[in-house]
Q: 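The structure's right below; bear with me while I get my questions together.
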Amino acid sequence: QVQLVESGGGLVQAGGSLRLSCAASGRIFSSYAMGWFRQAPGEERKFVARIDWRGGNTYYTDSVKGRFTISRDNAKNTAYLQMNSLKPEDTAVYYCAADGTLVGIATIPAYWGQGTQVTVSS
């Protein structure tokens, strides 16, 4: 069992930056691939980015490539999502996720955080 807690959301103007954090507790953090999803009002939850166990393999959805960076610090049991050049269409609740496989982390992760709101004003 893994517990995930996100932080770092907020209100930012278009073009600005935010860094989301996901603190994990429970089982060994380095055993899990980590990911970020987002859900805008009236829409389904969608995959944003994922990172493998050691942090050497990352993957992003096309709409955030070049603007967002996912990373992790296994010593701190924390994953991050650095978001730059934010756009109003990035507005959503952002969820941290964990799973034991790279397929699972990008589709239906086993573990979810509670979400943090990101609002980008134009």
Side-chain angles (χ1 to χ4, degrees):
Q1 194 79 342
V2 176
Q3 293 78 43
L4 305 173
V5 178
E6 302 97 333
S7 61
L11 174 64
V12 63
Q13 289 187 334
S17 298
L18 282 174
R19 188 176 81 156
L20 305 182
S21 297
C22 175
S25 61
R27 299 193 64 182
I28 301 173
F29 179 68
S30 58
S31 299
Y32 294 92
M34 300 297 295
W36 290 92
F37 287 69
R38 65 187 180 186
Q39 187 169 17
E43 297 185 10
E44 295 182 349
R45 193 174 299 186
K46 297 178 181 178
F47 169 81
V48 175
R50 64 97 173 127
I51 189 167
D52 71 349
W53 305 266
R54 295 185 177 182
N57 185 323
T58 59
Y59 183 77
Y60 301 88
T61 192
D62 286 346
S63 62
V64 308
K65 286 180 181 178
R67 300 190 298 122
F68 290 12
T69 303
I70 188 171
S71 62
R72 65 190 297 162
D73 185 338
N74 287 346
K76 296 183 178 179
N77 288 355
T78 302
Y80 305 96
L81 185 67
Q82 178 67 44
M83 305 185 295
N84 298 329
S85 302
L86 282 161
K87 304 174 181 180
E89 51 263 45
D90 294 318
T91 295
V93 178
Y94 282 71
Y95 295 89
C96 175
D99 196 90
T101 71
L102 290 180
V103 172
I105 196 60
T107 55
I108 308 176
Y111 303 102
W112 293 95
Q114 83 288 350
T116 186
Q117 177 70 46
V118 171
T119 303
V120 184
S121 62
S122 57

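Everything numeric here is computed off the predicted structure, so don't read it as measured data.
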Q: Step by step, work out the side-chain contact (heavy atoms from CB on, under 4.5 Å) result for Ser71 and Gln82.
A: CA-CA 8 Å; Ser71 62; Gln82 178 67 44; over 6 Å; no
Q: Please name all residues satisfying salt bridge (Lys or Arg N to Asp or Glu O under 4.0 Å) with Glu44, sequence neighbours left out, ordered by chain then number.
A: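 Partners of Glu44 by the salt bridge (Lys or Arg N to Asp or Glu O under 4.0 Å) criterion come out as none, since no residue qualifies.
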Q: I need the minimum non-hydrogen distance between Trp53 and Gly100, along with the two atoms involved.
A: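 Taking every non-hydrogen atom into account, CZ2-O, 3.2 Å.
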Q: Run through the side-chain heavy atoms of Ile, Leu, Val, Met, Phe, Trp and Tyr, join any pair under 4.5 Å, and report what else lands in Ile28's cluster.
A: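 Other cluster members: none.
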Q: Kindly compute the distance separating CD (Glu89) from OG (Ser63), expressed to the nearest 0.5 Å.
A: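 Spacing of CD (Glu89) from OG (Ser63) equals 8.5 Å.
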Q: Is the backbone N or O of Gly9 less than 3.5 Å from a side-chain atom of Thr116, with the two atoms forming a donor-acceptor pair by type?
A: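 Yes, the answer is positive, given that a donor and an acceptor are paired below the 3.5 Å cut-off.
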Q: How far apart are the closest heavy atoms of Ala92 and Arg38, and which atoms are they?
A: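 Distance-wise, the nearest heavy atoms are CB-CB, 3.8 Å.
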Q: Between Ala97 and Ile105, which heavy-atom pair has the shortest distance, and what is it?
A: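 Ala97 and Ile105 have their closest heavy atoms at O-CD1, 3.5 Å.
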Q: Which residues end up grouped with Tyr95 if you chain together Ile, Leu, Val, Met, Phe, Trp and Tyr wherever their side-chain heavy atoms are less than 4.5 Å apart?
A: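 Members alongside Tyr95: Phe37, Phe47, Tyr59, Val93, Trp112.
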Q: Enter the distance from Asp99:CG to Thr107:OG1 here, rounded to the nearest 0.5 Å.
A: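 One finds 7.0 Å between CG of Asp99 and OG1 of Thr107.
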Q: Can you list everything that forms a side-chain hydrogen bond (donor to acceptor under 3.5 Å, both in side chains) with Ser25? Sequence neighbours excluded, please.
A: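 For Ser25 the side-chain hydrogen bond (donor to acceptor under 3.5 Å, both in side chains) partners, ignoring immediate neighbours, are Gln3.
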Q: Looking at every non-hydrogen atom in both residues, tell me the closest pair between Arg54 and Arg72 and how far apart they are.
A: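 In terms of heavy atoms, the two residues are closest at C-CD, 4.4 Å.
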Q: Given Lys65 and Asp62, is the salt bridge (charged side-chain N to carboxylate O under 4.0 Å, His left out) satisfied, shown in steps?
A: CA-CA 5 Å; Lys65 286 180 181 178; Asp62 286 346; 2.9 Å; yes
Q: Side chains of Asp73 and Thr78: is there a donor and an acceptor less than 3.5 Å apart?
A: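 Asp73 vs Thr78: no donor-acceptor pair found between side chains.
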Q: So, taking the atom named CD in Glu6 and the one named SG in Cys22, what distance separates them when rounded to the nearest 0.5 Å?
A: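 Taking CD in Glu6 and SG in Cys22, the distance rounds to 5.5 Å.
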Q: List the residues meeting side-chain hydrogen bond (donor to acceptor under 3.5 Å, both in side chains) with Arg19, not counting sequence neighbours, and say none if there are none.
A: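 Listed in chain order: nothing, the list is empty.
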Q: Before you tell me yes or no, could you show the steps for Gln114 and Val5 under side-chain contact (heavy atoms from CB on, under 4.5 Å), namely the whole-Å CA-CA distance, both residues' side-chain angles and the distance that decides it to 0.1 Å?
A: CA-CA 7 Å; Gln114 83 288 350; Val5 178; 4.3 Å; yes
Q: Quick one: closest heavy-atom pair of Ser122 and Ala14, and the distance?
A: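 Nearest heavy atoms, Ser122 then Ala14: CA-CB, 4.3 Å.
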Q: Supply the atom-to-atom distance Asp52 CG to Ser30 OG, rounded to the nearest 0.5 angstrom.
A: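 Output value for this atom pair is 11.5 Å.
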Q: side-chain contact (heavy atoms from CB on, under 4.5 Å) for Arg50 and Asn57? Distances and angles first, verdict last.
A: CA-CA 8 Å; Arg50 64 97 173 127; Asn57 185 323; 2.7 Å; yes
Q: Remaining members of Met83's ILVMFWY cluster at a side-chain heavy-atom cut-off under 4.5 Å?
A: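 Met83 shares its hydrophobic cluster with Val2, Leu4, Val12, Leu18, Leu20, Phe29, Tyr32, Met34, Trp36, Val48, Ile51, Tyr60, Val64, Phe68, Ile70, Leu81, Leu86, Tyr94, Tyr111, Val118, Val120.
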